[in-house]
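One structure is given below, encoded as structure tokens.
To find a chain, count down the sequence lines: A is the first, B the second, and so on, and within it residues start at 1. Computed from a predicted structure; not experimentally measured.
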Number of protein chains: 2
Amino acid sequence: MEYAPATPERTERLDAARTSGDLRAHNRVQLLRAIHDSGARRTRSQLTHDLDLARGTASVLIGSLAADALIAESPVEDARPVRGRPTLVPGPHPDGPQVLAADLREDAWELAVCSIGGGYEILGGQAHDGTPEEALRPLAAAARAATSGRVVGIGLAVAGPVRDGVVDISHLGWQDVRVPEFFDVSVPLIVGNDARLAGVAEARRGRLQGVAVGLHLHIDFDPGGTLLLDGRPMAGSSGTAGEFGHMPLASRSLDEPCLCGAWGCWSLRVGANALLRHAGLAAGGGRGRALAERILASDGEAVAENARALGEGVAALVNALDPGVVSLSGMGVELLARARDEIEAAYLDGLMAFRRSAPPPIAPSSLGRAGPLIGAMESAFDAFLTPSGLQAWRELRGFGLV
Amino acid sequence: MEYAPATPERTERLDAARTSGDLRAHNRVQLLRAIHDSGARRTRSQLTHDLDLARGTASVLIGSLAADALIAESPVEDARPVRGRPTLVPGPHPDGPQVLAADLREDAWELAVCSIGGGYEILGGQAHDGTPEEALRPLAAAARAATSGRVVGIGLAVAGPVRDGVVDISHLGWQDVRVPEFFDVSVPLIVGNDARLAGVAEARRGRLQGVAVGLHLHIDFDPGGTLLLDGRPMAGSSGTAGEFGHMPLASRSLDEPCLCGAWGCWSLRVGANALLRHAGLAAGGGRGRALAERILASDGEAVAENARALGEGVAALVNALDPGVVSLSGMGVELLARARDEIEAAYLDGLMAFRRSAPPPIAPSSLGRAGPLIGAMESAFDAFLTPSGLQAWRELRGFGLV
DNA sequence: AAGATTATGCTCTAGTCGTGAGCAAAACAT
DNA sequence: ATGTTTTGCTCACGACTAGAGCATAATCTT
């Protein structure tokens, strides 16, 4: 029997080392990633064991990273009495690479500068009126002002679907807004959906750490989310995967239209807009957050209905996607605190029978409102922490030092 | 600002080469994979270019694979006049590795032996009465008889969810059937859901070739499927991802119970069981396939209803998962041929507005009923085509030749 | 039919990498 | 003050890939 051969492209692997030189580049990245992922908290000796390196190899690698000003070694802080030659902690270099991370919400933005290891400092923020001009111009100006020679990338979280930097926020009337055109910077700009970036943050520094398959749901006006596979978000073919809010997961009527253009969407039942709608108020347009929060605090029937719909939808997603943990951020945290029983009852009821013996836990985010910002940082670093990223940094420094 | 460090485990990459020795092992695998994926049809010279190898390196690698009886080179078949020294085509070695692949359906099974390159030969098959004993004993015996020293793995497709080799087929009353215990063989046994394996086949040799994110749906009694990311099926945390049939994707009533234990499932509206139910006949239990096929051939309202529900559900899945192509196998092929208009109308209507300008195509499988079998073969080879798999083969041969 | 041209395979040298042993360094324990 | 323990540095060694030079085997040209 015969059939068509597979395409040769499929055999290519991006992260595969082929030559000896690739090997060194690969191992440099791996070590720098380990330092970053551990929060610049592990000692050189611990890292050597973590990555199963020979001491000689670690010596060369650490030395080369330090020579490129990618890291600097400093003494352990809480030096308890330990026998043997003291080891050092590799951490961010004083002149080392940084990324900018920004979180652009419906009503304000925030900008931070971040170092290897994940430490960050808020540079500023500003309220805006919701138009692309008023929101993006000042943010872009602030980012440009902060873009020193050390900045190797910018991550930006926005509250809407993103396709190649083109953003739609139906709430605010944003249609095909080309975000990168506002930014006059020469470093890579990573624009991502806030729900997805919150999920990335959760996978790297929050409740989804070490989880092979995690489902993160960010509930704001609408529910959105992402599936995290080994800490990487599933992007989809056009970068817009994760719009779980636009499946009919808890619908009682497929004839009810959603603003997205589809019918009977989950987002008509879960999130701030659903709370408003249940109270007979106008929903959509990105307005009414304060009102929705008051309804949530009232613990009324609207909240219970929201909770049931959340549980039903999560059950459907778990049935299909089989995650190990489900994490919630945004309004989901408070909803879980107020109505866990309703959520869990609907959740268990909606699971396939064979999943009920060990249902994946539903956990609140541990990162608070910082999720999208941290996710933006991690995404920007992801683009830098590659063989070509480190190579570009080395060459740039070479020019600067001549 | 600070927060918890990431787990060190996350930094580990299974397929990463660390030492020079790993490099050679990695490149051997890569080359052998390229030969296999291309259907053993590309010449040595083409492969050298595909993988961007130096001729010297290719020489060594091909030589070492040939020395281990993993491949054998033979002249090109349709030798058209070409200038230059003629090149050879690496293909399966006459004593090279093989895998067994089996497709276990509700009423019969089939067993095949497969070589590097993807060629296979059906060894036999048998009808059965649906009990685990009657279905699995003869299959296991046939597999054992066919397990020569050349066989390095067995892939088995079954029509139900699989967790670590434990199978449930509610149709047939199979509950927690431990399939591996029936097989008295010493080579790895890969048991997989048939819908998922059909998707794997589609991604490697069918309509999803070269598609970065593909959604495959296999429609039999129920709809099931898998998401294919760079040709690899998304397994989920317990191996049971892809049960899209048990989301309420086209439900008009969340109070309608499904055999799976959940409510309002898509599988109540799509597939052979839905056809039977629409005709007022008993559904479930794995019976009525012939009847359902007759209903399908009648082109009546039941078919139109099935088609609409299929379109609605695919739209919801596309909204959330953002695949580049959707492929259908099983009953989906005929449904698509008979009712493409109904399917597409419901599909477009259910998409988010911004997806309607370039909706992912819905394409019928190009592999016919062989999908699960081919997927089982590919999965078994996946387990072998690794550094450790090739190493084990070399050692085994070493003993044999002494 | 014989030489020129062309593409491929083989062989060998050069450069690079990681390993691991041996030694130096820097702490604690006695 | 001396021994013990752990870590960092250095260097010889084996293994790998790249690339150049040569051999090989076909087609093309005259």
Side-chain angles (χ1 to χ4, degrees), chain A residues 13 16-32 34-35 42-67 71-90 387 390-391 394, chain B residues 13 16-31 34-35 42-68 71-90 387 390-391 394:
Chain A
R13 297 251 177 111
R18 265 168 279 271
T19 76
S20 307
D22 293 348
L23 235 167
R24 168 62 57 93
H26 198 90
N27 282 337
R28 270 165 52 99
V29 166
Q30 190 139 326
L31 178 54
L32 188 50
I35 292 167
R42 290 182 78 69
T43 65
R44 181 211 280 217
S45 149
Q46 288 173 323
L47 290 162
T48 304
H49 281 93
D50 289 347
L51 302 179
D52 199 31
L53 296 170
R55 289 209 300 270
T57 311
S59 199
V60 175
L61 290 176
I62 292 268
S64 93
L65 291 176
I71 58 165
E73 287 189 296
S74 52
V76 268
E77 300 211 349
D78 57 340
R80 286 169 302 169
V82 186
R83 255 178 131 134
R85 179 173 174 170
T87 181
L88 298 174
V89 177
L390 298 196
Q391 179 61 26
R394 167 182 268 171
Chain B
R13 296 253 177 110
R18 264 170 280 271
T19 76
S20 309
D22 293 347
L23 239 171
R24 166 64 56 96
H26 198 92
N27 282 337
R28 270 164 53 99
V29 167
Q30 190 141 327
L31 178 55
I35 292 167
R42 292 181 76 70
T43 65
R44 180 209 281 217
S45 148
Q46 289 172 323
L47 289 163
T48 304
H49 281 92
D50 289 347
L51 302 181
D52 198 32
L53 295 172
R55 288 208 300 271
T57 310
S59 200
V60 175
L61 291 176
I62 292 268
S64 93
L65 291 176
D68 287 352
I71 58 166
E73 289 190 295
S74 52
V76 269
E77 300 213 346
D78 56 340
R80 285 167 304 169
V82 185
R83 254 177 134 138
R85 177 171 175 173
T87 182
L88 300 173
V89 177
L390 298 196
Q391 179 63 26
R394 166 182 270 171

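Along DNA chain C, the nucleotide closest to Gly56(B) and the one closest to Leu53(A) are compared, and the more 5′ of them pairs with Gly56(B). Mapping Thr57(B) and Gln46(B) onto DNA chain C via the closest heavy atom, the residue that lands nearer the 5' end is Gln46(B). Both Pro86(A) and Thr19(A) lie close to DNA chain D; mapped to their nearest nucleotides by heavy-atom distance, the more 5′-ward contact belongs to Pro86(A). Where Val60(B) and Arg83(B) meet DNA chain D, the nucleotide closest to each residue was compared, and Val60(B) sits on the side nearer the 5' end.
On the nucleic acid side, DNA chain C contacts chain B at distances under 4.0 Å to non-hydrogen atoms, with the end points of that region at dT5(C) to dT19(C). Bounding nucleotides for the chain B contact on DNA chain D, 5' to 3', at a heavy-atom distance below 4.0 Å, are dC16(D) to dC28(D).
In this structure, CG on Asp22(A) lies 11.0 Å from CG on Asn27(A), to the nearest 0.5 angstrom. Atom OG1 of residue Thr57(B) and atom CZ of residue Arg24(B) lie 8.0 Å apart, to the nearest 0.5 angstrom. With rounding to the nearest 0.5 Å, the separation of CD in Gln30(B) from CG in Leu61(B) is 10.0 Å.
In this structure Arg394(A) satisfies the salt bridge (Lys or Arg N to Asp or Glu O under 4.0 Å) test together with Asp68(A), sequence neighbours excluded. For Ser64(A), the side-chain hydrogen bond (donor to acceptor under 3.5 Å, both in side chains) criterion is met by Arg28(A), not counting sequence neighbours. Partners of Thr43(A) according to the side-chain hydrogen bond (donor to acceptor under 3.5 Å, both in side chains) rule, which considers only residues two or more places apart in sequence or in another chain, are Gln46(A). Listed by chain and residue number, nothing satisfies the side-chain hydrogen bond (donor to acceptor under 3.5 Å, both in side chains) test with Thr48(B) (two or more places apart in sequence, or in another chain).
Within 4.0 Å of Ser45(A), counting heavy atoms only, lie sugar-phosphate atoms of the nucleic acid but no base atom. When heavy atoms are screened at a 4.0 angstrom cut-off, Arg55(B) is found touching base atoms of the nucleic acid.
Looking only at side-chain heavy atoms (C-beta outward), Ile62(B) and Pro90(B) come within less than 4.5 Å of each other.
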